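Predicted model, so just to flag it, every value in this text is computed and none were measured.
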Amino acid sequence: MSFSGDVKNELSGQISTARHCNLAELAAIVGMCGSVCISSFGRYLIRIRTENVSVARKCFTLLQKAFNIRCNVSVSLHKGNKKSSQIYTVLVKDHDSVINILRALKLLDADGEVAEHVSPANQLLVQKSCCRRAFIRGAFLAAGSISNPEKSYHFEIVCASRERALQLQTLIHTFGPDAKIVQRKKHYIVYIKEGAQIVDMLNIMEAHISLMDLENIRIVRDMRNNVNRKVNCEAANINKTVNAAVRQMEDIRYLQAAKGLEKLPAGLADVAVLRLSHPDASLKELGEMLDPPVGKSGVNHRLRKLSQLAEELRQNKEEYYYDQERNHDSAS
């Protein structure tokens, strides 16, 4: 099972002892994946369709606990373009029971008619902090997902209307996480992409086992990233040191071939000989080999001086050959 599936499975077993919280959670589920149907005889029924058995199980439990009614649950096979999936349908057929549910969920208007839109939910259902938690939990169960945290951090809830998305975003903001909204085709996505804030969302929804699992994954990922950064940094420093040593040795060999190291000042000659005989040594190690010892900055200064002398010699040689060619052309 995916991490998202594990979270929903945990949340499906999270049943509040307070009826008002159960109503808030049920309102979110009905608003996200439910519909109110009216028969030709004016009879009402509620249909909740989901691909997740955890959501169907939670709906069944909430309806039984909050209204003491039993509902029908059916399973059908939906064949899509790429793969088939099971659709779970929770159906409340009894007209009187449906009316009680609609009243409790504030889905009946002043005239006793079903509200034209079930989104957003009535604010009376989410006044308390515990009810806001339950509502967010229900919304995630019905239309939410979390990516595999070992690969990336992404939490989202898909809403059918902008009004529902804005309401959900506002409810999440009351707890701290900075949820954002983006439109994807005809839907509005409330999403969070920061690992610490996704942990906060799991805490808000009271998915504490999944929260600990995510924290463990985050710790491992952070440690791995820190190790990789240090290894990359050390590798870059080693490459830099090796490249510098190679250039220094090329300059010293050029001076040796062109003029001889014995013609250099004593301090420069000593460092040049040591670098040639110890190509892998660090500046500190070269300095400790000198008599008397010299610090890193002193060794670096001498090596830079050697490189400067080699570059000046190369420039003079190029100018000499250029003058020779020019004189030859003039004579012709």
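D6 and S210 form no side-chain donor-acceptor contact under 3.5 Å, judged by distance and modelled atom types alone. Using modelled atom types and a 3.5 Å distance limit, the side chains of Y254 and Q256 yield no donor-acceptor pair. When only modelled atom types and interatomic distance are considered, Q123 and Q167 share a side-chain donor-acceptor pair under 3.5 Å. Looking only at atom types and distance, the side chain of E156 has a donor-acceptor partner in the side chain of H154 under 3.5 Å away.
For H187 (side chain) and S161 (main-chain N/O), no donor-acceptor pair under 3.5 Å exists by modelled atom type. A donor-acceptor pair under 3.5 Å is formed between the side chain of Q183 and the backbone N or O of K185. E285 contributes a side-chain N or O that, together with a main-chain N or O of S282, makes up a donor-acceptor pair within less than 3.5 Å. Of the possible donor and acceptor atoms, one in the side chain of K58 sits under 3.5 Å from a partner among the backbone N and O of L11. For the pair R133 (side chain) and M205 (backbone), a donor-acceptor distance under 3.5 Å is absent. R275 places no side-chain N or O within 3.5 Å of a backbone atom of L303 that could act as its donor or acceptor partner. In this structure a side-chain-to-backbone donor-acceptor pair under 3.5 Å is missing from E288 to P293.
A cation-pi contact, defined as under 6.0 Å to the ring centre and within 45° of the axis, is absent between R164 and Y188. A cation-pi arrangement is found for K8 relative to F140, the charged atom lying closer than 6.0 Å to the ring centre and inside a 45° cone about the ring normal. The cationic atom of R132 (NZ for Lys, CZ for Arg) lies less than 6.0 Å from the six-membered ring centre of F175 and within 45° of the ring axis. Annotation: cation-pi geometry not satisfied between R184 and Y191 (NZ/CZ under 6.0 angstrom from ring centroid, within 45° of ring axis). In this structure, R19 forms a cation-pi arrangement with F67, its terminal cationic atom sitting closer than 6.0 Å to the ring centre and no more than 45° off the ring axis.
Taken to the nearest 0.5 Å, the CG atom of L211 stands 10.0 Å off from the CG atom of N216. Annotation: the span from Q248 atom CD to L286 atom CG amounts to 8.0 Å, rounded to 0.5 Å. Atoms CZ and CG, from R218 and D222 in turn, are 6.0 Å apart once rounded to the nearest 0.5 Å. Atom CZ of residue R137 and atom CD of residue E10 lie 10.5 Å apart, to the nearest 0.5 angstrom. Interatomic distance, CD of Q14 versus OG1 of T61, reported as 12.5 Å (0.5 Å rounding). Note that the SG atom of C59 and the CD atom of E25 stand 8.5 Å from one another [nearest 0.5 Å].
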Under the side chain to side chain donor-acceptor pair (under 3.5 Å) rule, what do N22 and S16 come out as? Steps first, then yes or no, please.
CA-CA 6 Å; N22 293 333; S16 175; 4.5 Å; no
Using the rule given for salt bridge (Lys or Arg N to Asp or Glu O under 4.0 Å), can you reason through E311 versus R314, listing the C-alpha separation, both sets of side-chain angles and the distance that settles it, and then say yes or no?
CA-CA 5 Å; E311 186 62 27; R314 290 190 186 98; 3.5 Å; yes
Under the salt bridge (Lys or Arg N to Asp or Glu O under 4.0 Å) rule, what do R247 and E250 come out as? Steps first, then yes or no, please.
CA-CA 5 Å; R247 288 196 302 270; E250 289 176 352; over 6 Å; no
If you apply the rule salt bridge (Lys or Arg N to Asp or Glu O under 4.0 Å), what do you find for D178 with K180, and how did you get there?
CA-CA 6 Å; D178 184 23; K180 294 179 172 58; 2.9 Å; yes
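Using a 4.5 Å heavy-atom cutoff, the side chains of K93 and N72 are in contact. With contacts defined as side-chain heavy-atom distances shorter than 4.5 Å, the pair I29/L62 qualifies. Counting heavy atoms from C-beta on, the side chains of C33 and R49 never come closer than 4.5 Å. I189 has its side chain out of reach of I157: every pair of non-hydrogen atoms, C-beta onward, lies at least 4.5 Å apart. Looking at heavy atoms from C-beta onward, L309 lies in side-chain contact with L268 at the 4.5 angstrom threshold. With contacts defined as side-chain heavy-atom distances shorter than 4.5 Å, the pair L255/L313 qualifies. Contact check for L168 versus I136: side-chain heavy atoms found under the 4.5 Å cut-off. Annotation: side chain of Y153 is not in contact with side chain of I146 (no heavy-atom distance under 4.5 Å).
Taking the six-membered ring where the residue is Trp, Y44 and H95 present tilted rings, their angle falling between 30° and 60°.
Under a cut-off of 6.0 angstrom, the local environment of CZ in R221 is crowded, with over 12 non-hydrogen atoms contributed by other residues, nucleotides or ligands. No more than 12 heavy atoms of other residues, nucleotides or ligands shown are found within 6.0 angstrom of CG on N68. Heavy atoms of other residues, nucleotides or ligands lying less than 6.0 angstrom from CD1 of I209 number 12 at most. Residue-environment remark: NE2 (H301) stays at or below the threshold of 12 foreign heavy atoms within 6.0 Å.
Hydrophobic cluster membership differs between V30 and L45, with clusters built from Ile, Leu, Val, Met, Phe, Trp and Tyr side chains linked at under 4.5 angstrom. I198 and L171 fall within the same hydrophobic cluster, defined by Ile, Leu, Val, Met, Phe, Trp and Tyr side-chain heavy atoms under 4.5 Å apart, directly or through other members.
Across A179 and I172, no two heavy atoms sit closer than the pair CB-CG2, 3.9 Å. Between A28 and G138, the closest heavy-atom pair is CB-C, 3.9 Å. Pairing each heavy atom of L125 with each of C131, the nearest pair is O-CB, 3.3 Å.
Evaluated for a side chain to side chain contact (heavy atoms under 4.5 Å, CB included) with I46, the options L63, L91, L102 yield exactly one hit, L102. Among the candidates T50, N9, V90, the single residue satisfying the side chain to side chain contact (heavy atoms under 4.5 Å, CB included) test with R57 is N9.
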